[in-house]
Novice: 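If you scroll down you'll find the structure; I have some questions about it.
For ligands, and for the atoms within them, numbers begin at 1 and follow the listed sequence.
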Amino acid sequence: MDPRVQQFMAMIKARNPGENEFHQAVQEVAESLIPFIEENPKYKHAKILERIAEPERTIIFRVPWLDDKGEVQINRGFRIEMNSAIGPYKGGLRLHPTVNLGILKFLAFEQVFKNSLTTLPMGGGKGGSDFDPKGKSDNEVMRFCQSFMSELFRHIGADTDVPAGDIGVGGREIGFLFGQYKRLKNEFTGVLTGKGIEWGGSLIRPEATGYGATYFAQEMLSTRGDNLKGKVVSISGSGNVAQFATEKVVELGGKVVTSSDSNGFIYDPKGIDFDKLQFIMELKNVRRGRIKEFADKYGVEYFEGKRPWIIKCDIAMPCATQNEINEEEAKLLVKNGCNCVSEGSNMPATPEAVEVFLKAQILYGPGKAANAGGVATSGLEMTQNSMRLPWSREEVDEKLHTIMKNIHKTCVKYGTKENGFINYVDGANIGGFVKVANAMIAQGVV
Ligand code: NDP
Ligand code: 2IT
């Protein structure tokens, strides 16, 4: 490892003990940025990298709520307000039993660069709780959300910090959170994104992350004169991002052969068509069941406790969670002929897996570029809320598509190596950094 990176990481690890995912996310960025900063000493003198890795504010709070039996439950709530140099803090809320400070700091840190890449005026933040929505009734989820917002409301606002969805937070949760915010503040504002279409939401926001990751794959493929037509695509997850990535891939002529949840994955060699996708959407969004049911219904294979990367594919789109592709799986993907990875989830590849993709010089689009379509469309929702005027589906989709093309261009600008290989990791890290760093310098030592 570069000794400058090593020294920087020693400081990060000492200041943030035990926060492994945060260390991982910072190290990847430091490896791209430290050489760049050496060439641009103004960033070094202003200690931008040191400042950008320290949250502006970290809020941790108790979330007590009553379950359906009348028993008191206690969860922990978080909001990491990472960086506001180019706009209000912006980023999702995650509800999952694994949520802790280190995971949310990694997500908030990546969000800063991602949001900058969108070209929209959004700073970075992330929040959530170790609450597990699985197996909870709608009323329990509502009581949790109301309690969570009863503290969070004093820290957020349409011009301060604008949360949205992430794992475990979709339209239902945003509704409960918004209702409680409005009640406490007596204000109807665009304080959250991912709202329902009848009450301030944007068309295409539910689709945006999955669509965007597919548009990004399309852009990467086009650099090699290729496209999605006839390609076999493996997708992990079966939630919001996975569902709409599947929809767009199928629309563009690809064949999606896998879908998964935390219990296992299904392999459908004929491909998941729109009817089968409809089944997944109903299964996951309404009945909240397990993906195994797909295998039972359509008579395809189900792999309990396994991830989809053992299946031969041309393109892989991880859309579930962090560190869901390890070194061995990355090697297998490459060996099986996969030449494009577009990340719908945040930091799905371990550092060793990333190394495998970069060494093989395949098209590797890291989450902070490839999945930026979600937050970009959140930015478009904020714009519509400020104007108090909604845009049509076509208008939002076109803007999303243009934003993804521009993010790809930025990655090409900052990530193209001497031999012509586009290192999208460097491209996204440097491309996301410059605007935030310049804004921080302009705003002084704050
Ligand atoms: P959802 O909650 O809608 O879906 C998550 C999916 O991933 C489910 O299928 C879930 O399975 C699976 N999953 C979650 N945790 C794990 C785990 N630890 N191991 C295996 N599988 C798991 O979330 P989203 O689709 O919104 O988010 C998916 C990813 O995309 C996350 O990394 C998120 O940060 C990222 N992302 C989301 C954006 C958005 O707009 N929603 C924007 C950009 C990135 P199960 O049901 O069994 O838990
Ligand atoms: O990781 C992400 O970019 C998100 N979960 C979406 C954040 C947002 O504010 O829309």
Novice: Specify whether the nearest protein heavy atom to atom 10 (C) of ligand 1 is under 4.0 angstrom away.
Specialist: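 It does not; no protein heavy atom is within 4.0 Å.
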Novice: For residues Lys399 and Thr402, determine if any side-chain heavy atom of one lies less than 4.5 Å from a side-chain heavy atom of the other.
Specialist: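 No, every pair of side-chain atoms sits at 4.5 Å or beyond.
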Novice: May I ask which of Ser378, Gly344, Ala320, Gly92 has a heavy atom nearer to atom 31 (C) of ligand 1 than the others do?
Specialist: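 Shortest heavy-atom distance from atom 31 (C) of ligand 1: Ala320.
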Novice: Classify the ring geometry between Tyr298 and Phe294 as parallel (under 30°), tilted (30 to 60°) or perpendicular (over 60°).
Specialist: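 The rings of Tyr298 and Phe294 sit tilted, inter-plane angle from 30° to 60°.
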Novice: Number the atoms of ligand 1 from 1 as they appear, then name those within less than 4.0 Å of a heavy atom of Gly237, with their elements.
Specialist: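 Under 4.0 Å from Gly237, ligand 1 has these atoms: 9 (O).
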Novice: Any atoms of ligand 1 less than 4.0 Å from a non-hydrogen atom of Arg94? List them with their elements.
Specialist: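 Near Arg94, the atoms of ligand 1 are 31 (C), 32 (O), 33 (C), 34 (O).
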Novice: Who gets closest to atom 22 (C) of ligand 1 by heavy atom: Ala164, Gly367, Ser262?
Specialist: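 Ranked by closest heavy atom to atom 22 (C) of ligand 1, first place is Ser262.
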Novice: Would Asn139 and Asp68 count as a side-chain hydrogen bond (donor to acceptor under 3.5 Å, both in side chains) here? Give the steps.
Specialist: CA-CA 8 Å; Asn139 280 333; Asp68 285 346; 5.2 Å; no
Novice: With heavy atoms under 4.0 Å as the rule, classify the contact between Glu207 and ligand 1 as side chain, backbone, both or neither.
Specialist: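 It is neither; nothing of Glu207 touches ligand 1.
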Novice: Do any N/O atoms on Asn371 end up under 3.5 angstrom from N/O atoms on ligand 2?
Specialist: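 Checking ligand 2 against Asn371, no N or O pair falls under 3.5 Å apart.
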Novice: Find all atoms of ligand 1 within a distance of less than 4.0 Å from any non-hydrogen atom belonging to Gly168, and give their numbers and elements.
Specialist: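 Numbered from 1, ligand 1 contributes 2 (O).
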Novice: Considering non-hydrogen atoms only, spot the tightest contact between Glu324 and Ser236 and give its length.
Specialist: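 Looking at all heavy atoms of both residues, the closest pair is OE1-OG, 2.7 Å.
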Novice: Looking at Asp166, which atoms of ligand 1 are within less than 4.0 Å of one of its heavy atoms?
Specialist: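 Heavy-atom distances to Asp166 below 4.0 Å select 26 (O), 33 (C), 34 (O), 36 (N), 37 (C).
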Novice: Hey, does Gly367 sit under 4.0 Å from ligand 2 if you only count heavy atoms?
Specialist: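 Per 4.0 Å heavy-atom rule, Gly367 does not contact ligand 2.
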Novice: Need the ligand 1 atom indices (1-based, order shown) with element for anything under 4.0 Å from a heavy-atom of Lys134.
Specialist: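 Ligand 1 atoms under the 4.0 Å threshold to Lys134: 45 (P), 46 (O), 47 (O), 48 (O).
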Novice: Does Arg307 come within less than 4.0 angstrom of ligand 1, counting non-hydrogen atoms of the residue?
Specialist: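 Arg307 does not count as a contact of ligand 1 under the 4.0 Å cut-off.
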Novice: Kindly identify the option in Val241, Ile103, Thr98 whose heavy atom sits closest to atom 25 (O) of ligand 1.
Specialist: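 Among Val241, Ile103, Thr98, the closest heavy atom to atom 25 (O) of ligand 1 belongs to Val241.
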Novice: For His96, take its heavy atoms, then give the atoms of ligand 1 lying under 4.0 Å from any of them.
Specialist: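 With His96 as reference, the close atoms of ligand 1 come out as 15 (N).
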